[in-house]
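Everything below concerns the one structure shown next.
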There are 2 protein chains.
Amino acid sequence: MSTTTAGATRREQILKEAARLFAERGFHGVGVDEIGAAVGISGPGLYRHFAGKDAMLAELLVGISEQLLTGGKRRVAEGEGTPTELLDSLIEGHIDFALDDRPLITLHDRELDRLRDSDRKLVRQLQRQYVELWVEVVRKVYPSLSEADARASVHSVFGLLNSTPHLSRPGALPGRTAMAGLLHRMARGAFAAAAG
Amino acid sequence: MSTTTAGATRREQILKEAARLFAERGFHGVGVDEIGAAVGISGPGLYRHFAGKDAMLAELLVGISEQLLTGGKRRVAEGEGTPTELLDSLIEGHIDFALDDRPLITLHDRELDRLRDSDRKLVRQLQRQYVELWVEVVRKVYPSLSEADARASVHSVFGLLNSTPHLSRPGALPGRTAMAGLLHRMARGAFAAAAG
DNA sequence: GAAATGGGTTAACGCTCATTAACCGAGCGG
DNA sequence: CCGCTCGGTTAATGAGCGTTAACCCATTTC
């Protein structure tokens, strides 16, 4: 075993590289040999760590959905402040995720349909819970919003926040903190405008 | 040749179904037999109309990129009103596209990397021109925005506007006109907030 | 120190799937 | 009526790729 060193156990290393490759070229677009090569082993060696290619994608998507949901729940539970502050906290958490785990965010809404039925159902359920979490908070901040409008606006803001990973060129963009601030302002502005 | 008739020539029919299938299950996830079956012919019959599967995707992506760009250019050229009205016009056009051609919008930013180099370069160039079109207008409306911020905000608003197709469930959402209005308000609010 | 186990290797299998070959009937121009 | 082209068909081909088989070495465990 060893590898109690830092953290990067072989499994995690594989997942990280698989996420990057899947995000870059799509699940079907990357072969197991490539994933293996990315971590220094080759081809079927991966099967000592995962049941198959599908299992890697499933673990990635379930993992990210759980992280988002539990992070959101934690923020709601800890939330001492006003609904507005709570919404800001949710936005901030999501932005951190989108900026720091770009490949995962990309996979999140791109490759869901490649999962086995049971896994897909699980991921969708987690995603739905996460959306509902936001919807409740948004409706507290903007009571004038109907539930349908609130839900639609939450989805749209996700689209806004998740748009960053698509920008391949790292040059022409603001730095990480500037970008985070910009996205945050835009998200709040979008919600406010949705409420009219 | 004929087919000066109405519109739905076999080629267009194939493109439409291919777009739907590609959007649903990804380029690599759908086989030529399925595409053929969707238009009532089967398998290799498609090769009477297209050089190959790649050619269909290329034509779809180039087509949509051109449509967006020329539509935007037309609006800018015709634009008699204030910059604000022009921006509204751009937003409206993009929303119409996102709501009426969902599969194409989805493909637009999902399957770009499956193209041959030359096609991909072309599509990217068209997309870039479209973004720059927006950036110029946005900066006229909000002169306080730096170019980098303006560009980032345009990308983010595209993410917002393009988020609708991802919502598979057609039930829980507002109707088409209500959705268009909501998206429009949110886009404007996001830009305004970006400018601070 | 023998045996088990964890983590690799390369070779082989088998399936899927895009593409091509070979063939064919229907219109239609001359 | 002949022959060409248009738009199909099914069968064959061939590559790519996920997965499994068979084998191997290092390290730990009893």
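Just so you know, these numbers use all the heavy atoms, side chains as well, and skip hydrogens, waters and symmetry mates. If you're wondering where the values come from, they're calculated on a predicted model, not measured in any experiment. Per chain, numbering begins at 1; letters A, B, ... match sequence-line order.
Taking side-chain N and O atoms only, A:His28 has no distance below 4.0 Å to OP1 or OP2 of C:dT16.
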Under the side chain to side chain contact (heavy atoms under 4.5 Å, CB included) criterion, do B:Lys73 and B:Tyr130 qualify, and how do the steps go?
CA-CA 8 Å; B:Lys73 274 183 175 169; B:Tyr130 185 59; over 6 Å; no
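With the nearest nucleotide of DNA chain C identified for both B:Gly29 and B:Ala51, B:Gly29 has the one nearer the 5' end.
The list of ring-ring contact (aromatic ring centres under 6.0 Å, His included) pairs with a residue in residues 37-59 of chain A, not counting sequence neighbours, is empty.
The separation between B:Met56 atom CE and C:dC17 atom C1' is 13 Å, rounded to whole Å. If you measure from atom CD of A:Gln13 to atom C1' of C:dG8, you get 14 Å, rounded to the nearest angstrom. In this structure, CZ of A:Arg11 is placed 14 Å from P of C:dG6, rounded to the nearest angstrom. At whole-Å resolution of the value, CD1 in A:Ile14 and C1' in C:dG7 are 10 Å apart. D:dT5 atom C1' lies 14 Å from atom NE2 of B:His49, rounded to whole Å. Rounded to an integer number of Å, the gap from A:Ile35 CD1 to C:dG8 P is 15 Å. Here the P atom of nucleotide D:dT20 and the CG atom of A:Asp33 are 15 Å apart, to the nearest Å. Atoms NZ (B:Lys53) and P (C:dT16) sit 15 Å apart, rounded to a whole Å.
Remark: aromatic rings of B:His108 and B:Phe158 are distant, center separation not under 6.0 Å.
A side-chain donor from one of B:Ser118 and B:Arg116 sits under 3.5 Å from a side-chain acceptor of the other.
Look at A:Arg151 and A:Glu147 and you find a salt bridge, because one of the NZ, NE, NH1 or NH2 atoms lies within 4.0 Å of a carboxylate O, short of that distance. Using a cut-off of 4.0 Å between Lys/Arg side-chain N and Asp/Glu carboxylate O, B:Arg176 and B:Asp100 are scored as salt-bridged.
Using a 4.0 Å cut-off on heavy atoms, the residues of residues 37-48 of chain B that approach DNA chain D are B:Ile41, B:Ser42, B:Pro44, B:Gly45, B:Arg48, listed by number.
Distances from the side chain of B:Arg10 to the nucleotides C:dA18, D:dG8, D:dG18 place D:dG8 closest. For B:Val32, the listed nucleotide lying nearest its side chain is C:dT19; candidates were C:dT19, D:dG7, D:dT19.
Tested against B:Phe22 for a side-chain contact (heavy atoms from CB on, under 4.5 Å), the candidates B:Arg110, B:Arg114, B:Lys53 yield a single pass: B:Lys53.
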